[in-house]
Structures are given as C-alpha cells and as structure tokens.
Amino acid sequence: MEQNRTALVTGGTGFIGSRLVEALVASGREVRCLVRATSNTAALEALGVECVVGDLRDAESLERACCGVVEVYHLAALLKAPWHPEFTAVTAEGCGRIAAACAAQETPPELVLVSSLAAAGPSLEGRDEERPAAPISRYGRAKLAGEEAARPYADRVPLTIIRPPLVFGEGDRSLLPVFRMAQRGVVIAPGKAPLSMIHVTDLVTCLIAAADRGERVGVGAKPARGVYFVADELPRQLGQLGTEIASALGSRPPRTIRLPLPALWAAAAASEAWGRLRGRPTLLNLDKVCEAGAPGWVCTAAKAREQLGFAPAPFGERLASTAAWYQAEGLL
Ligand SMILES: NC(=O)c1ccc[n+]([C@@H]2O[C@H](COP(=O)([O-])OP(=O)(O)OC[C@H]3O[C@@H](n4cnc5c(N)ncnc54)[C@H](OP(=O)(O)O)[C@@H]3O)[C@@H](O)[C@H]2O)c1
C-alpha cells in the first residue's frame, strides 16, 4: 500500500458508509469524511478520521473535501424521503457535484459511485449490466439521474458505478422487522417477488476492489462499461428469507402470511404522512410500495465476480452475524 493514500467517503455516518470507513482505516488508508454540521461524528472521530463539514448541495464544500485525495467513495443520499424538497438536489444532483469536484482537482481521484439496483429497475430473471435501465420509483429515477449527472466527467475522472440491491447486516435497521417476524413465527409478506440481497461487509469489500481495479465508465462508451451489480447468488422471497433467518436464530420455521397490496398502500400512506408531518424519513412510504409491486428485484453479479473477485461469504453466516448483532444490541 502506497504512503498517504487518502480516501474521501461521503455518507460515512450512514449504515454502509460507517462500515466502509472501518474497512478503509483497517486497510491502512488515511480517511476523510464529508459530514454535515448536524451529523453525529463520534464514531468517525474515535477511528481518527478527519471530518470536513459540508453538504452535497454545496459545491465549494465538496471541492474542499476532495482536495488531495486519491479515491472518493460517494454514498451520501436521502434514501427514505423521496417526498423531501431537497431529495433531487441531494440524491441526484449531488452525484454531479461530487464528480465535478473530483474533476476540478489537479489529479482527479478515482470515484466510486454507490447507485442502486433501483436505478436499473426490477427484473424477475436477473438483470445484468447490459440491459437498459428502466427505474419504476422516484428513488430509482433519482439514483439513475445521479449516475447520468456523473457520467459527463468520466473523461477526466476514473469513475466506477456500483448498483447494490437490498443491503443488510450489522448496523442496519431496515431488515430488523423481518428478523423480528421470523423470530415470532409469522412473516407478513406483500408478495412473492424474489429479491437479490448483499451483506454490508461483502459490499464494502467490493467497493474497495472497484476503486483499486474496477472497469471505468467511458464517455461515449457503452452504458454498461464501468457499471457493476453485486449480490448474493440466490435471490429470495421474503417468506424464504424468514425461514433462513429463523434457522440462523435457532427458531422454528415461520408461517408466511400474504399482505394484500391495497393494505400495504394504506399502511404506506399513513407512514409517509407521519414522516412528512415530522419532517423525518420513514422506512415505509408510497415509493417503496411502487417497488414492492414489481415482479422481482433480481440481478446477477457475474461481472463483479469475474472482474473484481467478488466472492461473498455464505449467506447463512451473514444472517447469523446480523442476528447476533441485533441480539447484542437488545433489538431481538
Ligand atoms: N441501504 C441499502 O439497502 C442500499 C441499497 C442500495 C443502494 N444503497 C445506496 O447506498 C448509499 C448509502 O446507503 P445507507 O443505507 O448507508 O444510507 P444511510 O444510512 O441513510 O446514510 C445516508 C448518509 O448520507 C448522508 N447525507 C444525507 N444528506 C446529505 C447531504 N445533504 N450532504 C451530505 N451528506 C448527506 C447522511 O449524513 P447524516 O449522518 O448527516 O444524516 C448519512 O451519512 C446510498 O447512496 C444508497 O442509495 C443503499
């Protein structure tokens, strides 16, 4: 590892970003994080990480944060609040701003942009990178717009785009309700759509591999160039996932009860209204129900396996470590 290899992480206080920061520090890199004035930076400071205060809406702060770094991992986004007035400015336009800040450096750093399977759109049989994107949710369209906003800088900035599916693992709360239902013996599932998933540790390994040796997006090249899906090999329906979680917890296999989509719409409408009232994102919102109605969210990680050496740990082990973390936190 070369000396003084500084990496910038945006979203370093978030679920995936905080695990990425830990891995980068463990790899011997110097790490800098773009944080907001309101961010809780205690965990980052404990790791000796440099925090630069800024915002994805503020181009000048991004240029400052990018100064002198050799790689940038862009994760910051507003995930659960597509109704938020700043949603597009942060989630979509923020990608263009960070790419512009990289391009403005004398030696532009490698930029790894964390997009989403939602940007590509649903698929039952398994999407690969060659298939044209067709997002169906506001979140997906914003993530695709973010990719498009960064692409014009690819003539100067070595850019790689990673599109993870549902990410789970230690530190996440989004999948906690499914773990709880599995433990209690009943999983309520809105449908039978198979879902690709990835554990956060496997994703983080892949992000670092992408910065080190990923294919780069090319201006005027095929849209698939420099883009990777990363996921465990087997997609799972929510009911199947509940059975595997129960097995990791040593509980009996749960029953699956189908939740009619209209009931989910009603619950999401109430949850979103509550979120808007409090000005806070909620796990369940109307945009998520749009996604839940799709026949499947499946992608194939063949390209990442071949080019990035992507080799996730056995899924059962990943569920077990996640369950152990929930238990240690008193959440299960
Ligand atoms: N979680 C998943 O299942 C999943 C799946 C596919 C793709 N992704 C993508 O992975 C990335 C990270 O997801 P996550 O689950 O780790 O998200 P998260 O836990 O919600 O973290 C979001 C991060 O973005 C930061 N942020 C929000 N608005 C900002 C702004 N205006 N300026 C600067 N920073 C801002 C937050 O900082 P504060 O601490 O200040 O709030 C936080 O660090 C996102 O790009 C997401 O789209 C996630």
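In listed order, ligands and their atoms are each counted from 1.
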For ligand 1, does Ser115 get within less than 4.0 Å through its side chain, its backbone, both, or neither, judged by non-hydrogen atoms? backbone

Suppose we measure from atom 19 (O) of ligand 1 to each protein heavy atom; which comes out shortest, and what is that distance? Phe15 N, 2.9 Å

Arg163/Tyr228 under side-chain contact (heavy atoms from CB on, under 4.5 Å): CA gap, chis, key distance, verdict: CA-CA 6 Å; Arg163 289 174 172 168; Tyr228 295 92; over 6 Å; no

Identify, by atom number and element, the atoms of ligand 1 in contact range of Gly11, meaning under 4.0 Å from any of its heavy atoms. 23 (C), 24 (O), 43 (O)

Atom 31 (N) of ligand 1 sits nearest the protein heavy atom Asp55 OD1, 2.9 Å

Inspect the contact between Glu60 and Arg64 and indicate whether a charged nitrogen and a carboxylate oxygen are less than 4.0 angstrom apart. yes

Residues Glu71 and Arg5 bridged, charged N to O under 4.0 Å: yes

Atom 21 (O) of ligand 1 sits nearest the protein heavy atom Gly14 CA, 3.3 Å

Test your reading of the model: is there a side-chain donor-acceptor pair from Arg213 to the backbone of Leu308, 3.5 Å cut-off? yes

When you measure from the centre of the six-membered ring of Phe310, is the NZ or CZ of Lys303 closer than 6.0 Å and no more than 45° off the axis? no

Heavy-atom proximity to atom 1 (N) of ligand 1 ranks first, among Thr41, Thr10, Ile16, for Ile16

Answer with yes or no whether the hydrophobic clustering places Trp297 together with Leu166; edges join I, L, V, M, F, W, Y residues whose side-chain heavy atoms lie under 4.5 Å apart. yes

With heavy atoms under 4.0 Å as the rule, classify the contact between Lys143 and ligand 1 as side chain, backbone, both or neither. side chain

Compute the shortest N/O to N/O distance between Thr13 and ligand 1 and return yes if it is under 3.5 Å, no if not. yes

Ranked by distance from atom 47 (O) of ligand 1, the top protein heavy atom is Tyr139 OH, 2.6 Å

Below 4.0 angstrom, N of the basic side chain to O of the carboxylate: do Arg318 and Asp172 qualify? no

What orientation do Phe87 and Tyr139 show, parallel under 30°, tilted 30 to 60°, or perpendicular over 60°? tilted

Report the distance from atom CG of Leu47 to atom OG1 of Thr41, rounding to the nearest 0.5 Å. 11.5 Å

Would you please test Val187 and Leu241 for side-chain contact (heavy atoms from CB on, under 4.5 Å) and show each step? CA-CA 9 Å; Val187 171; Leu241 179 64; over 6 Å; no

Do the side chains of Glu130 and Lys222 get close enough for a salt bridge, i.e. N-O under 4.0 angstrom? yes

Which residue supplies the protein heavy atom nearest to atom 40 (O) of ligand 1, what is that atom called, and how far is it? Ser39 OG, 2.6 Å

Compute the minimum heavy-atom distance from Pro165 to ligand 1 and say whether it is under 4.0 Å. yes

In ligand 1, which numbered atoms sit nearer than 4.0 Å to a non-hydrogen atom of Ala76? 24 (O), 25 (C), 26 (N), 34 (N), 35 (C)

Looking at side-chain heavy atoms only, is the closest gap between Pro194 and Leu234 below 4.5 Å? no

Which ligand 1 atoms are under 4.0 Å away from a heavy-atom of Val114? 9 (C), 10 (O), 45 (O)

Counting only nitrogen or oxygen atoms and a 3.5 angstrom limit, does Asn40 reach ligand 1? no

Which residue owns the protein heavy atom closest to atom 17 (O) of ligand 1, what's the atom, and how far is it? Leu79 CD1, 3.3 Å

In ligand 1, which numbered atoms sit nearer than 4.0 Å to a non-hydrogen atom of Ala77? 22 (C), 24 (O), 27 (C), 44 (C), 45 (O)

Nearest protein heavy-atom contact for atom 32 (N) of ligand 1: which residue, which atom, what distance? Leu56 N, 3.0 Å

Starting from atom 11 (C) of ligand 1, find the nearest protein heavy-atom neighbour and note its residue, name and distance. Leu75 O, 3.1 Å

Please determine whether any non-hydrogen atom of Gly94 lies less than 4.0 Å from an atom of ligand 1. no

Please indicate whether any nitrogen or oxygen in Gly54 is less than 3.5 Å from any nitrogen or oxygen in ligand 1. no

The option among Leu175, Val167, Leu34, Leu62 carrying the non-hydrogen atom nearest to atom 2 (C) of ligand 1 is Val167

